[in-house]
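Worksheet: the structure to be examined is printed underneath.
Every chain is numbered from 1, with letters handed out A, B, ... down the list of sequences. Every heavy atom of this structure was used, including side-chain atoms; hydrogens, water molecules and symmetry mates were not.
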Amino acid sequence: MLKIGPLSFQSRLLLGTGKYPSFEIQKQAVEVSEAEILTFAVRRMNIFEPSQPNFLEQLDTEKFTLLPNTAGAKTAQEAVRIAKLAKASGLCDMIKVEVIGCDKTLLPDPIETLKATEELVKEGFIVLPYTSDDVVLARKLQEAGCHAVMPGASPIGSGQGIINPVNLSFIIEQATVPVIVDAGIGSPADAALAMELGADGVLLNTAVSGANDPVKMAKAMKLAIEAGRLGFEAGRIEKKRYATASSPKEGMSVG
Amino acid sequence: MNVIVNGESVQLQDGIENVKDLLEHYDIQDKVVVVEVNGNILTSAQHQSTRLSDKDRIEIVHFVGGG
């Protein structure tokens, strides 16, 4: 069970809703993923073409928890505004703080992310900041009262997987709130590794929406996250330099 | 009156007096949208009571796909 603030979830997969080939494929992917938390962005509506289809309208919003992001914000102030706009919809109290500090790498601005987190916690939001894999920053975000920390595995949409498992494991070790690995996941193996390292959840989007078969990949990610979590709970063996026989040495009839 | 809606200058016809009227004018009253008028973010309960004035800056936002 994944607990974020006052909310509990069976699924440890959080799914993004961007860049799917079609709404039909997206709906199927969401269904097979069994994700309960879906992320969204907040944008100006094209009021001159209001009939444009919108994925949210095709969802039973009672069945999902919406996690809007503050993507597009470059300052804490902008992030807080986007969060308040999202909350005014009456559909959600959670917010993914995303304050980008570099257009090329899409890496987060640590200082503005912390400021936005502090402000939104004060405002009563359930706050999930997207952060780099900086161990000290993750601790400061916890101290600011965030409800989960979401370190990136690697740059957003890059599919490079977990490029710093050591930092990630330090963040997990010191965590007092759930750690959700967000961004950069490319394959089911990456998602499983995040969970094996002890992460509480994985947030991904492009790894599914950009796959040749998004529906099949959604299923693969669900299974990988479950497998990784079970592996973590089971406790893996230590790595050894040399072999250790699995079969007994005694009672051999040969030699 | 003349207002700015999502960055575009728009001439509103007579009879559009509040935010609820504006959403009905664009036929988006049943959609999930959030409206901000001159920097004030409104809940849907405030749409009818929020009167519009000349030169108001109005933002109408909604949820789109994102990660």
Around atom [atom1] of [X], are there more than 12 heavy atoms from other residues, nucleotides or ligands closer than 6.0 Å?
X        : atom1 : value
B:Glu24  : CD    : yes
A:Lys219 : NZ    : no
B:Asp54  : CG    : yes
B:Lys31  : NZ    : yes
A:Asp60  : CG    : yes
A:Glu31  : CD    : no

Can you tell which part of [X] gets under 4.5 Å to a heavy atom of chain A, answering side chain, backbone, both or neither?
X       : result
B:Val64 : both
B:Glu8  : side chain
B:Ile28 : side chain

Answer with side chain, backbone, both or neither: which region of [X] has an atom nearer than 4.5 Å to a non-hydrogen atom of chain B?
X        : value
A:Tyr130 : neither
A:Gln26  : neither
A:Lys96  : side chain
A:Ala183 : neither
A:Leu91  : side chain

When you check the gap from the basic side-chain N to the acidic O, do B:Glu36 and A:Arg81 get nearer than 4.0 Å?
->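 A:Arg81 and B:Glu36: salt-bridged.
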For a side chain to side chain contact (heavy atoms under 4.5 Å, CB included) with B:Phe63, tell me which candidate from A:Leu56, A:Thr39, A:Thr17 qualifies.
-> A:Leu56
Which one, B:Ile41, B:Val61, B:Asn6, leads in non-hydrogen pairs under 4.5 Å with chain A?
->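 The candidate making the most pairs under 4.5 Å is B:Asn6.
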Heavy atoms only, distances under 4.5 angstrom: which of A:Leu85, A:Leu14, A:Asn46 has the most pairs with chain B? Name it, please.
-> A:Leu85
Non-hydrogen side-chain atoms of A:Asn54 and B:His62 separated by less than 4.5 Å =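 A side-chain contact exists here, since the closest heavy-atom pair is under 4.5 Å.
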If you round to the nearest 0.5 Å, how far is NZ of A:Lys87 from OG1 of B:Thr43?
->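 One gets 12.5 Å once the value is rounded to the nearest 0.5 Å.
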Judged by atom type as modelled, is there a donor-acceptor pair below 3.5 Å linking the side chain of A:Asn69 to the main-chain atoms of B:Gly66?
->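 Side chain of A:Asn69 to backbone of B:Gly66, a donor-acceptor pair under 3.5 Å: no, none is there.
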Heavy atoms only: give me the nearest A:Ala41-B:Gly65 pair and the separation to one decimal.
-> CB-O, 4.1 Å
Heavy-atom pair with the smallest gap, counting every atom of B:Val34 and A:Ala88 =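 Shortest heavy-atom separation between B:Val34 and A:Ala88 comes out as CG1-CB, 3.7 Å.
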